[in-house]
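To start, the structure under review is shown below, and the notes come after it.
Read the numbers this way: they start at 1 and go in the same order the structure lists the ligands and their atoms.
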Amino acid sequence: MQPPRWKSSEPNQPAGVSSVPRIRVLLPLPLAAGAYDYRIPAGMAVQPGDFVVVPLGGRQVVGVAWDGPSDPDLPASKLRDVAGLLDVPPMTETLRRFVTWVAAYTLSAPGAVLRMAMSAPAALEPPPARAGWQLANAEPPSRMTPGRARVLAALRPGQVMAGAELAAAAGVSSAVVRGLADAGMLVPALLPPGRAFAPPDLALPGPVLGPEQDSAAAALRAQVAARDFGVTLLTGVTGSGKTEVYLDAVAECLREGRQALVLLPEIALSAQWLERFRRRFGVDPALWHSELGSKTRAKTWRAVAEGEVGVLVGARSALFLPFPDLGLIVVDEEHETAFKQEEGVVYHARDMAVVRARLAQATCVLVSATPSLETLNNVESGRYRHLDLPERHGAAGMAVVQALDLRKTPPERGRFLAPPLVEAIRETLARGEQAMLFLNRRGYAPLTLCRACGHRMRCPNCTAWLVEHRAQKRLQCHHCGHAEPIPPTCPECSAPGTLTPVGPGVERVVEEATALFPDARRIVMASDTIPGPAAAAAAAAAISDRQVDLIIGTQIVAKGWHFPGLTLVGVVDADLGLAGGDLRAAERTLQLLHQVAGRAGRAEAPGRVLMQTFNPDHPVMQALVSHDFEAFMHAEAAGRRPGHWPPFGRLAALIVSSEDEREADRAARDLGLAAPRGDGVEILGPAPAPLALLRGRHRRRLLLKARKDVQVQPLLREWLERVKLPNSVRVQVDVDPVGFL
Ligand code: ADP
Ligand code: ZN
């Protein structure tokens, strides 16, 4: 850590004769105690929000001066001094309140949330200084050439320019500049740090919006211009032009001189989105996601804090960036579960985006073709506004969606594509159009079974089957990363060569498609073949340029791609997401399949979607076929309302885990016995979590279900305080769980 730089400002006045000036400091560490008190040494001024260096044990730690009164009972003699003040824009009150709010809501240590807001440590160090030239207060030199005169004329008094830039501006060689310096006419000076991000060009026209887009955009612009908090749900089928509409709101936000944040569920797959942004604003937006290098992180964090970044596009963690004046937050694909962070501080970025917007007096726009029931419920109750784009933009109509009944037309034995789907692909390819096959399952086969004894290959660390990955000749656990070679004999009965793959993964569909359509140019889009943004961009370009006929992939293919030549989408297993007891299984399956279906027929040629299913009458299939999302969500709501299930009631999950199974059981039982009781509160469990063993830890689950008017955080806090658990037991609290694994 560099020695702290001191900022010059008025020192804090002692509050009284006997008391020493003190300040609370929150450290980016998961300490339950929250902020600690420190003494402000004489001559130093510290305000809430300042980044400070303080001693902690034998270390020096960077923290943030925090709000609130310090502990009056703590004797001054116990206080240690603030060691220094960092030269960084202070953390705004809005962000401090946001950190506190998120911590309280999620039952996390405030320091754990602060850590997310300080996730680029190098940004707190001063940016490297660059040297340039400035006019000296000197007499003109005896030898004055036209070149020298141009150099001196190029600099205003006080202005600093880099040598090369100055030479270019004057149209001279750098030797002329150096000569002037030697003559004492120019003196070295530090350059102000350059702009790391070019400002978006607001003069570019943008596309001419259709009438419905136009009125939606006008409503959003008005809301942004009001500089007040408000949430709007923007809906419309895939391809209706929602992105163009909210980019208009982004432009308005920039005109207001405020900053805009766009959250995307999977930034690594957003090459096409970035291209559109570039077309609209002439520059790249600032990016924020986990794959950024530490230098870029630091540069971006600092540029955001200094207000230099106009628009930032990021993953959920971007919500914790130090925007000084956020005017707009867009959450695109607001229904996506990728917005939920399941580790560490467990939070939902969509919900926290609304909170941050409220604290910042900003507009929040939630965007989706298939919004979550939570959001629809907020529209219904009048908390959110709603704008809808009813039609696809331009000539594209909605794709025809059909359920393909696998009971009536099953695939051949050992195959997974039913004859009508095979035929449709054949016709599509014959017309020179592109087809896509979707199966949300990586690898070759989800289960490997012994034909002789029925033994199933399981992960030793997780309640999960091992998935065969044929290219690597390995069995893999998709939960913990455990991998082993496929054994030549069954580990249970020792029979040789009896281990058989059961069911399809995407690799197996590729194998079948290769046999059926050997001449079709294929691309596989799964997380192992598309490891990062560059690969995703290359894949998208190859498909758009028609170098590919057949696209086969996992949920990666469902993202917002726009492939004009793609007219057929085949869903290999539409029932996949419906299994399991998850509250939102049907809703989520509908959202995913609708999004996949939305890839078909985005240009003039009409699109067709074939979904292979054993349940063609299932409400999800019916909703997709009829394009009646609203009726489906009404039925969903009617199913959840009576039992007070979310969003009509509250839910919080406690996951108790230990490496020792009996200890996990004991801890879960003790928590169960101490569970809160009362009106409108119900405890479900303890029960083994669906993933009863995960990464070697045994997991038990308790669910607290409460009526909507019950505040669950105090209940949870008191509950956890009542039970003393061994240190080897972990309890993870998940308020508003979306996954139930
Ligand atoms: P959505 O976000 O609703 O799926 P998009 O905003 O991606 O829809 O629009 C779908 C396609 O139509 C994109 O290629 C987009 O560039 C194009 N598009 C949308 N609105 C317009 C417009 N007003 N003028 C020209 N092209 C448009
Ligand atoms: Zn595992």
Side-chain angles (χ1 to χ4, degrees), residues 204-218 220 233-251 262 264-265 270-281 330-336 365-371 387-399 443 446 456-467 469 474-484 540 543-544 558-566 591 594-604 607 629 690-699 741:
L204 290 177
V208 179
L209 298 180
E212 263 131 3
Q213 284 179 313
D214 202 38
S215 64
L220 287 184
L233 169 65
L234 176 61
T235 56
V237 293
T238 51
S240 57
K242 300 185 288 298
T243 312
E244 300 298 345
V245 169
Y246 75 66
L247 286 181
D248 220 47
V250 167
V262 179
L264 299 181
S270 305
Q272 287 189 325
W273 191 98
L274 295 174
E275 203 177 295
R276 273 169 76 178
F277 186 92
R278 228 169 282 136
R279 234 180 293 141
R280 179 72 176 75
F281 292 113
V330 177
V331 184
D332 201 350
E333 310 290 4
E334 69 90 30
H335 62 274
E336 280 273 355
V365 184
L366 308 179
V367 185
S368 175
T370 51
L387 298 169
D388 184 54
L389 305 176
E391 277 163 19
R392 273 197 162 178
H393 176 79
M398 282 313 285
R456 293 160 178 220
M457 298 295 292
R458 289 175 204 276
C459 174
N461 315 319
C462 306
T463 313
W465 294 338
L466 291 173
V467 179
H469 285 250
R474 279 195 310 188
L475 298 173
Q476 277 181 24
C477 173
H478 286 179
H479 297 287
C480 73
H482 168 88
E484 54 186 73
I543 297 169
S544 294
K559 304 301 160 193
W561 309 111
H562 182 69
F563 300 134
L566 177 66
Q591 285 158 344
H594 179 89
Q595 209 165 1
V596 186
R599 298 316 107 210
R602 293 180 59 105
E604 287 74 26
F629 179 68
L691 269 169
L693 182 66
L694 179 64
R695 293 183 208 103
R697 296 185 73 88
H698 296 270
R699 302 161 81 242
L741 290 178

Measure [X] to ligand 1 on non-hydrogen atoms and call it side chain, backbone, both or neither using the 4.0 Å cut-off.
X	answer
Val237	backbone
His562	side chain
Val208	backbone

Measuring from atom 6 (O) of ligand 1, which candidate in Glu333, Arg280, Arg276, Arg279 has the nearest non-hydrogen atom?
Arg276
Nearest neighbour of atom 9 (O) of ligand 1 from the list Gly241, Ala369, Ser368, on a heavy-atom basis
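Going through Gly241, Ala369, Ser368 one by one, Gly241 has the nearest heavy atom to atom 9 (O) of ligand 1.
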Nearest neighbour in protein (non-hydrogen) for [atom]:
atom	result
atom 20 (N) of ligand 1	Gln213 NE2, 2.8 Å
atom 4 (O) of ligand 1	Gly239 N, 2.7 Å
atom 25 (C) of ligand 1	His393 NE2, 3.3 Å
atom 16 (O) of ligand 1	Glu244 OE2, 3.3 Å

Shortest non-hydrogen contact between Ser544 and Gln272, atoms and distance:
OG-NE2, 3.7 Å
Per the side-chain hydrogen bond (donor to acceptor under 3.5 Å, both in side chains) rule, which among Gln595, Glu336, Glu333 passes with Lys559?
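Testing each of Gln595, Glu336, Glu333 against Lys559, the sole residue satisfying side-chain hydrogen bond (donor to acceptor under 3.5 Å, both in side chains) is Glu336.
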Sub-4.5 Å side-chain heavy-atom contact between [X] and [Y]:
X	Y	answer
Leu466	Arg474	no
Val250	Phe281	yes
Trp273	Val262	yes

Per-atom contacts of ligand 1 with Thr243, taking only distances under 4.0 Å to non-hydrogen atoms
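Ligand 1 atoms under the 4.0 Å threshold to Thr243: 2 (O), 5 (P), 6 (O), 7 (O).
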Element-labelled atoms of ligand 1 that are located less than 4.0 Å from some non-hydrogen atom of Thr238
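Ligand 1 atoms under the 4.0 Å threshold to Thr238: 4 (O).
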Straight-line distance of [X] [atom1] to [Y] [atom2], nearest 0.5 Å:
X	Y	atom1	atom2	answer
Arg278	Leu204	CZ	CG	13.5 Å
Lys242	Leu234	NZ	CG	7.0 Å
Arg697	Leu691	CZ	CG	14.0 Å
Asn461	His482	CG	NE2	6.5 Å
Ile543	Trp561	CD1	CH2	7.5 Å

Check whether any heavy atom of Ser240 sits under 4.0 Å from an atom of ligand 1.
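The answer is yes, since Ser240 has a heavy atom less than 4.0 Å from ligand 1.
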Listing residue and atom name, which protein N/O/S atoms are closer to the Zn ion (ligand 2) than 2.8 Å?
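You should have found Cys459 SG, Cys462 SG, Cys477 SG, Cys480 SG.
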Gly236 N/O under 3.5 Å from ligand 1 N/O
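Gly236 vs ligand 1: no N/O contact under 3.5 Å.
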Quick check against the 3.5 Å criterion: does Thr463 have a side-chain atom that pairs as donor or acceptor with the backbone of Leu693?
yes
Yes or no on side-chain hydrogen bond (donor to acceptor under 3.5 Å, both in side chains) for His594 and Thr370, after CA distance, side-chain angles and deciding distance?
CA-CA 8 Å; His594 179 89; Thr370 51; 5.9 Å; no
